[in-house]
Amino acid sequence: MPAEPCISRKVILRDSVTEDDIFEVTERNEWRYAGDVEPDPAQGTFYEARWATGKDGSLHYIVDDYACQSYMVAMDSDPRTAERVIAIIEQSLAVWSLDEAFRSYGAAAFAPSRAKSVLLLGLISPALPDDGLMERVRESSHHRDPRVRRASVWAMIYSEWDEYREDLARIASSDSDPEIAGEARKALDAIQQAEGGR
């Protein structure tokens with residue numbers, strides 16, 4: 001049985017990046033276009049374009065309609081190769097840095113922009129937990145506006161950090177909005193199912 005592919009960190013694209021910009025980078029690196037998948041709201045899937053980057057590798061461009069962000073991620077049987085591919089994207093296109101995401105969060109004075117900035121923090125989460133990022137997401141989970149609290153739940157889901165497990169349990173049992181509590185509960189159930197399948 002072939003090994004599960006290793007997934008790189010996500011690189012979040014700036015709004016100024018066009019599909020032409022992306023194709024220019026992929027063609028320059030001789031990555032073969034492998035087609036795209038249209039979004040399916042009923043299945044909860046987003047638009048995705050793919051390129052083959054080698055024998056066991058692929059590059060993915062995803063338009064996340066929920067977070068209102070586009071990002072790229074690489075996959076390969078060798079984690080070093082996946083990171084090398086995503087580093088080329090990071091160096092070639094306009095992307096968000098973690099410091100810029102922190103500044104966006106700090107500048108977000110109103111609930112809609114705060115919610116968007118929290119989702120960005122979730123998407124940009126590095127492989128290893130970052131204390132400053134977790135502090136901001138946890139702070140948002142107590143916000144008076146439900147849009148921001150819901151965004152904090154999804155930021156925890158996007159990050160895939162086990163350190164958020166207790167936070168999700170707290171939200172599931174105590175958030176005043178039943179939809180937000182339900183989303184946190186589903187996230188916990190998914191974690192437990194994934195652990196049971198290992």
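Numbers for residues simply follow the sequence, beginning at 1.
Once rounded to the nearest 0.5 Å, the distance linking CD of E38 with CD of E48 reads 11.5 Å. Separating the CD atom in E183 from the CZ atom in R150 is a distance of 5.0 Å, to the nearest 0.5 Å. Note that CD1 of I86 is 11.0 Å distant from CD of Q91, once rounded to the nearest 0.5 Å. T26 OG1 to D21 CG: the interatomic distance, rounded to the nearest 0.5 Å, is 10.5 Å. Note: L168 CG to L188 CG = 5.0 Å, rounded to the nearest 0.5 Å. Within the model, atoms CG of D131 and CD of E163 stand 9.0 Å from one another, a figure rounded to the nearest 0.5 Å.
Counting only residues at least two apart or in different chains, ring-ring contact (aromatic ring centres under 6.0 Å, His included) contacts with residues 12-65 comprise F23-Y33, F23-W51, Y33-W51. Every pair passing ring-ring contact (aromatic ring centres under 6.0 Å, His included) that includes a residue from residues 150-187 is listed here, sequence neighbours excluded: Y66-W154, W161-Y164.
Proximity of C68 to L119: side-chain heavy atoms (C-beta onward) are nowhere separated by under 4.5 Å. Using a 4.5 Å cut-off on side-chain heavy atoms (C-beta onward), H143 and V118 make no contact. Proximity of P39 to V63: side-chain heavy atoms (C-beta onward) are nowhere separated by under 4.5 Å. Between R28 and E24 there is a side-chain heavy-atom pair separated by less than 4.5 Å. Using a 4.5 Å cut-off on side-chain heavy atoms (C-beta onward), D76 and V85 make no contact. Looking at R170 and H142, their side chains come closer than 4.5 Å, going by heavy atoms from C-beta outward. A heavy-atom distance below 4.5 Å is found between the side chains of D130 and L98. Counting only heavy atoms from C-beta outward, the side chains of D167 and V153 never approach each other to under 4.5 Å.
Cluster annotation: I7 and I12 are assigned to the same hydrophobic cluster (Ile/Leu/Val/Met/Phe/Trp/Tyr, side-chain heavy-atom contacts under 4.5 Å, transitive). V25 and Y71 fall into different hydrophobic clusters, defined by Ile, Leu, Val, Met, Phe, Trp and Tyr side-chain heavy atoms under 4.5 Å apart, directly or through other members. V137 and L120 fall within a single hydrophobic cluster, where Ile, Leu, Val, Met, Phe, Trp and Tyr side chains are chained together by heavy-atom contacts under 4.5 Å. Taken together through direct or relayed side-chain contacts under 4.5 Å among Ile, Leu, Val, Met, Phe, Trp and Tyr, I124 and Y105 form part of one hydrophobic cluster.
Side-chain atoms of S92 never come within 3.5 Å of backbone atoms of I89 as a donor-acceptor pair (strictly under, hydrogens ignored). For the pair R114 (side chain) and A108 (backbone), a donor-acceptor distance under 3.5 Å is present. Here the side chain of S125 pairs a donor or acceptor atom with the backbone of L121 at under 3.5 angstrom. Remark: side-chain polar atoms of R9 are not paired, donor with acceptor, to backbone N or O of P126 under 3.5 angstrom. Formation of a donor-acceptor pair under 3.5 Å by the E83 side chain with backbone atoms of D78 is not found in this model. Looking only at distances, a side-chain donor or acceptor of S140 sits under 3.5 Å from a matching main-chain atom of R136. D175 contributes no side-chain N or O that, together with a main-chain N or O of I171, makes up a donor-acceptor pair within less than 3.5 Å.
Contact detail for A67 and K116: the closest heavy-atom pair is O-CG, 4.4 Å. The two residues S141 and M156 make their nearest non-hydrogen contact at CB-CE, 4.2 Å. Closest of all the heavy-atom pairs between A49 and D36 is CA-CB, 3.9 Å. The shortest heavy-atom contact between M72 and I22 is CE-CG2, 3.8 Å. Taking each heavy atom of W96 and Q69 in turn, the nearest pair found is NE1-OE1, 4.1 Å. A pairwise comparison of heavy atoms in A82 and C6 identifies CB-O, 4.0 Å as the closest pair.
Taking the side-chain contact (heavy atoms from CB on, under 4.5 Å) definition, one finds that A111 meets it with D145, R147, V148, sequence neighbours left out. Scored by the side-chain contact (heavy atoms from CB on, under 4.5 Å) test, R84 finds T81, I88 as partners (sequence neighbours excluded). Judged as a side-chain contact (heavy atoms from CB on, under 4.5 Å), and not counting sequence neighbours, the contacts of A94 are R14, S16, V17. Checked against salt bridge (Lys or Arg N to Asp or Glu O under 4.0 Å), R144 has no partners two or more places apart in sequence or in another chain.
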Query raised in the report: Would M134 and S159 satisfy side-chain contact (heavy atoms from CB on, under 4.5 Å), going step by step from the backbone distance to the final call?
Result: CA-CA 10 Å; M134 285 193 294; S159 76; over 6 Å; no
